[in-house]
Every structure is written in structure tokens, then in C-alpha cells.
Amino acid sequence: MDNKSVRDRVQELHDLLSRYQHSYYVTGKAEVSDLEYDRLFDELQSLENKYPELKTPDSPTQRVGSDLSSDFPEVQHSIPVLSLDKAYSVQEVRSFIDKCTKNSSTNKLSFVMEEKIDGFSIVLYYRDGLLERAVTRGNGFVGNDVTANVRTIQAVPLRLTKPETLAVRGEVFLPKEDFQRINLTLDEPYANPRNLAAGTIRRIKSSDTARVPLSMFCYEGFWENSTPFADHLEILRHLKDLGFKVDKNISCFCSSREEAQRRLEEASLEGFAGSFEDIEQDIKNRTASRPALAYEIDGLVLKINEIGQRDLMGWTEHHPKWAMAYKFEAPQAEAVVESIDVQVGRTGRITPMARISATELSGSVIRNITLHNQDYVDSLELAVGDTVAISKRGDVIPAVENVTEKNNKGNTTYVMPLTCPVCSSVLVKKGAHTFCSNVHCPAREKGSLDFFCAKKQMDIEGLGTKTLEILYDKNYIRCIQDIFRFDWDALVRDGVDGFGIKKTEAIAKAVQEARKAPFVRVLVSLGIPEFGKKAVELVTGAGFDSMQKLLEASEEQLSAIDGIGPVTAHLIVSSLHEENMLTLIRDLEGFGLSMSVDRAGEEQKEEQIFAGQSWCVTGTFEHFKPRDRAMDEIKKRGGTEVSSVSSKTTCLLAGANAGSKLQKAVSLGVRVVGEEEFLRMIKQKEEGDKEAEMPSLFD
Ligand code: IVH
């Protein structure tokens, strides 16, 4: 091909593929088969590789992303990125309409109602029709430049059908079905599609973002001087014509249904047309049909249609007075983030923590919420002073779901410190997490001691967090080995405050008892990442039932065990062979701790009354603290553990304060067993010589 023919062919492929991408991802219709599409795509890609000067930023091949690192510099918005005022009742919506009609200068005021997409807010900036920048909302004035990643979203036009310069607001989202599919493959699943979409937009490699089928609905346009349209419906129509994906599920309300219909027709848009009296019913209908949507919405947005009337109503610092969000559910709880600091864990991992004003949620008071790592903070764009919606994941762990209101102090997204707040050593990043580089950081050493002695591990009574902290700070107990070689009488002899004869004798006795702990418990107590009770049971159950065998095991052998992945296998092998760990193991053996599974003693065979059954445990128990102890009893008798209730679950063991799992079990007809009943089943509580039968609490 001569130069001209190459150029023409590239242009032809470019136009064809852009058209096919637009029909498939924006209008939802496939014009060609996948095979034909791939053939054309490959042809364009190979021509572009051969003639790089013909590759343009709006080429359809530019959506696949790259492996180069995208950083997200802060950039100033050229439009104020405002939020919405909220309503939780139809009554509040009515008052909003009344207020708008009263303040308007027309008797033909109309409203558009849109879906409130539960996604991640993005502003797209176009210059002369080309996508120049995609920026997160940030604090409304400054956001992060995420252009490289947003480019990979097929629903985002790289070039508009007209060479316009404008800013467009919209919501990036992940359809529900894609969320379910992708989340199943993740080591750390996300709580909802919004969080997964937000995490994806902040992936370092845009090729990672490209793998997730994100989409985007656009709902507002901003032109340089003034809006060249008389009403919002015309703006939506125009955005559609420019190539944006615009949500079809809209309604228009006016003083009469006919007038509303006329407005929709004038803009050549389809939607529900109604009078103001119809708003309530439309809200009800949309609330009812919400589960059938392919994507998540968390409410509806009501906006004045006439641009001139919008200007009359004006804005506050936070939201336009001409729009309002009707939210389906009031947040479970809202709180203001008073401060954010970092905690140093026993592995040296630095975790940012949000400190909030004491807030009650499902029966407990929350003050501290983990923010996991910098990526999580970034995906929330969380700053001190922001108001956040909080929930309890799995009914237990408090989590920040999203920012509901940005602070008005100009605080920007929280950034973790560069040095350890405890020992001032430099922090290092490994994957998504940050660690203190000092292996002898006091926070790490105290954390390891605390973990080792805790109830779930060696269960050494008397050596709780506070006591260990005192003993560490006074230089009595500085490492795990010290626990077994310390002369506890020294505390009495030295007259240490709070350590009388009785207390020290009790500790010494508990330490003696701990020497008899079974091997599985010793192994868990070493605190190897990802090597908790479940993994330890899998590994010892697969024949690696002594320390010797474990030290000889390879990563390949361990990852061949069902339930042990390559990451866990790597962590087990590498952690066990660290110098400090080998010394600890040798010393513990020297102190007489068990280094192999004692088949005769430890695995006393219980009758397998729960064989083939799956059990879920929830709530708190008098006889099983922590509640894992109850699960131990189930497993000993052949049952398996499930973390959530489904119709396939055999039984839910429900203790006091059981929450949503109990409700779910009841609604699915899953058998519910209470503590008393359970004790009888495992015969820890005799009631005649009754066979372990399983009547439900609700029978
Ligand atoms: S209009 C000035 N329309 O909801 C225009 N926002 O809680 C204000 N959102 O920050 C936004 N769907 O990220 C608008 N149809 C929709 C929306 C929508 C979702 C988000 C948006 C906004 C947040 C406010």
C-alpha cells in the first residue's frame, strides 16, 4: 500500500470501529459480529504499530490501556463540582417542588426526574471535540486526573460528533452482573459495585482498568460562556447526539401531562410524562422496579428543566437549589470524620484509621473505622471533616461506605505519613499496603506479643493488651520467648504496681498451661500472614502435621492443597524460613511447646453427627467465647463452616444479638439452632439421654 492508501485505510478502520464501539457500548446494539470486529481491530492495531504517526489519541485502539504507571496528579476543576441536597421522603420532595414553583417566574415550570446512579462521579473535559481530561470530583474544586483510565471506558467518547469545548458530568458504574462475576475472582472482594468501580478507576495500570467493563451515564453539560440550550431535556438530547451514553429512564413533570409530553417530544426524547400529581406514583413505580435494573441506583434526582429558572434559584456552596436527590434509603448512620491517623500492626503494616464522633449503629457505638490503605482512602477521596455513610460489613466490621458530604474547610484527600508514627523509621510500600521498615518497631513487637497471648491464639489468661504493654515498656517482656523464660516472681519482688502475688501466680500458671497447647494453636499463634486457623487446619490435615514437615514443604506442595492458594503458600514458606521465625520456633520447642499434631490427644474422635452439613454461626454465646469455639465443635463432628446463610445452609447457630443472618435464615426457611439446643446436640448439656435432634427455634 502506498502512503495515501495506508492513511485512508487507517481512517476508514478508525471510523468503522468507532461507530461499532458506539453502537455496542452506548446504544446497546451490535452492528457486526465479534469476529469481524476483532479482525478490523487487529488490522488497525498492526497498521498503527507499523506507522505510529497515524495513531491518534482518539483511536479505538487507545481504549485497551497501557502497563505504564498512571499517576493521578491533582488538577483544578474549571466548573464547580457541586453535590445534591437530599430528601428521604415524598413529603420533602413535595416541599421542594412547592418552593421551586413559588420562586419561579413562569407558570409553566417543569421538572426532569433522573435515576441517581450509584457510581463514581467523574467530570469529562473536551476541547474542540477531543477528550482532554477526566477528573474525579475530589473536594469539588480540585480532583485527580484519571484520564488514562477513563479512556478505557467504551461508553466515554474519545472524540465527539461535533468539535465542541465543554465539560460533562456523569457517573462511572459497573453493571450488577459484571460486579457479581468479577468480585468472585478477587482475593479481597468489594462490598458493592460502586466501590469496585471506584477502585478500578484508580488502578495504577490502565490496562487493569480496561479489563473491567465499566460504563458511564452522563447527565449534565457545561459550556464555556453560557449554556446554549433553553432546557435540560435539550441538553440531554444534545449530549446523546455528541456520543455520550444518556440514561433513558427519565420522567418529565409539568402542570399538565400533555405539556410534559410536549416537552419530551420537542427534545425527541422518550420518557414518562406526568403532571405534578403523578410524581408520587412515579417515585413508587421506580422504587419498585429498581431491583430489575442492570445497574445500581441509590435514588432519583429531580431537576428544574428550564435553564433560566435554574439561574433564578441559584446555588449554595454545596448544592444547586434547583435540584434535589430523593434517596431510597436513609444511610444506616452518618458521621463526621474528626481525624485520620495511622496504626502500626504486628506485621509492621500501617493502617489508616478514621476517628469519628461516637455513632451508634446496629447496637454498638463506633468511634474508629479502618480505612485499610491509601488506595482505599483515595477511592473514597476521603478528607478530614467529610461526612461519611458508615455500615457494618457482615454485621460486624464498621466500614466507611462513601462520602455523603465534602468538608467545607478545603481539606483534600488524606495522605499517609512517610515515617512510622511510633519509631520514626521510613515506611515502605509493598503492593497496596505500607509497612514500617524497622523489624524491632515497638508497635510490631507489642502487637506480636498481644496476638500470641490472645484468646483466639494461645489464650494466656492475665496477659491482656494492657498488661503486656506495661511489661514491655518496663523491659520485662520484650519478645515471645520472654514469656516462657521470665521469672514472674520478679514482679512481686520489684514491687511493680498492680502485680500482687495472686495476679503473678495466676499468670505463671496460665503460662505453664500454655506449654500444653496443641500444635495447631501454636502454629496459628506465630502470626504468619494468611496462616490463620482455617489455613493451618487445611495444611496440617493434608499431612504437614509437624513443624519438621512444614519446614521441609515447598510452595508447590502447599499450594497443591485444596483451599491454599499460591500467595498463601508463598507467605507460609517464606515466613517460616525467616531468621527470627526459625529462632522463635527452636526456642518454643526448647520450652516444651508442641511441634506436631498429637493424633491420640488432640484429635479425640467425636461422633460425626454433623457430617455432610454446612453450618453458619452468628451472635454471641455464653459457652463459646470467642464464637470460633462453637465452630470448632461443629467441625470436630464433621460439619463444615459457611460464612453466610443461603438456602443450601443446613443450620444457623444463633447466639444472642443475632442480626441479619438470623433474619435471612428465617426468610429462607433454614433451620435455626440456639445455644441451649446446640449444647444438647453436642452433649455438653445432658437432657436425659436424648438423641441429638435438630428442632428449629422457630418450629
Ligand atoms: S446532578 C449540579 N444527576 O450524585 C449537578 N447527579 O449525591 C449535580 N449523581 O455528585 C449532580 N446520578 O455524582 C446528578 N442523574 C444524576 C446523578 C447524579 C448520580 C451523583 C453525582 C453527585 C451525587 C450527589
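For ligands, and for the atoms within them, numbers begin at 1 and follow the listed sequence. Only a predicted model underlies this, so the values are computations on that prediction, with no experimental measurement involved.
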Requested in this report: Can you pull out the closest protein heavy atom to atom 15 (N) of ligand 1? Residue, atom name and distance to 0.1 Å, please.
Outcome: Glu114 OE1, 2.8 Å
Query raised in the report: Between Lys406, Lys116, Lys303, His318, which one has a non-hydrogen atom sitting closest to atom 3 (N) of ligand 1?
Result: Lys303
Query raised in the report: At what distance is the nearest protein heavy atom to atom 9 (N) of ligand 1, and which residue and atom is it?
Result: Tyr219 OH, 3.5 Å
Query raised in the report: Tell me, which protein residue and heavy-atom name are nearest atom 5 (C) of ligand 1, and how many Å apart are they?
Result: Arg169 NH1, 3.9 Å
Query raised in the report: What atoms of ligand 1 come within less than 4.0 Å of a heavy atom belonging to Ser83?
Result: 7 (O), 24 (C)
Query raised in the report: By ring pair (Phe, Tyr, Trp, His ring centres under 6.0 Å), which residues pair with Phe244, not counting sequence neighbours?
Result: Tyr126
Report task. Enumerate the atoms of ligand 1 whose separation from the nearest heavy atom of Pro320 is less than 4.0 angstrom. Result -> 2 (C)
Query raised in the report: Among all protein non-hydrogen atoms, which one is nearest to atom 20 (C) of ligand 1, and what is the separation to 0.1 Å?
Result: Glu171 OE1, 3.5 Å
Query - Spatial distance of atom CD (Gln309) from atom CG (Asn103) [nearest 0.5 Å] - result: 10.0 Å
Query raised in the report: ligand 1 and Glu115, any nitrogen or oxygen pair closer than 3.5 angstrom?
Result: yes
Query - Distance filter under 4.0 Å to Ser121 heavy atoms, resulting ligand 1 atoms - result: 13 (O)
Query raised in the report: Can you find a pair of side-chain heavy atoms, one from Phe217 and one from Tyr295, that are under 4.5 Å apart?
Result: yes
Query - Residues, nucleotides or ligands: over 12 heavy atoms within 6.0 Å of Arg63 CZ - result: yes
Query raised in the report: With atoms numbered from 1 as shown, which atoms in ligand 1 lie under 4.0 angstrom from a non-hydrogen atom of Ile117?
Result: 12 (N), 19 (C)
Query raised in the report: At under 4.0 Å between heavy atoms, which part of Val301 makes contact with ligand 1: side chain, backbone, both or neither?
Result: side chain
Report summary line: Arg137 heavy atoms within 4.0 Å reach ligand 1 at atoms 10 (O)
**Report entry** OH-CG distance between Tyr219 and Leu239, expressed to the nearest 0.5 angstrom
**Finding:** 11.5 Å
Query raised in the report: Using 30° and 60° as the class limits, which term best fits the ring planes of Trp223 and His238: parallel, tilted or perpendicular?
Result: tilted
Query raised in the report: Among pairs that include at least one residue of residues 97-111, which meet salt bridge (charged side-chain N to carboxylate O under 4.0 Å, His left out), considering only residues two or more places apart or in two chains?
Result: none
**Report entry** Gln62-Asp58 side chain donor-acceptor pair, cut-off 3.5 Å
**Finding:** no
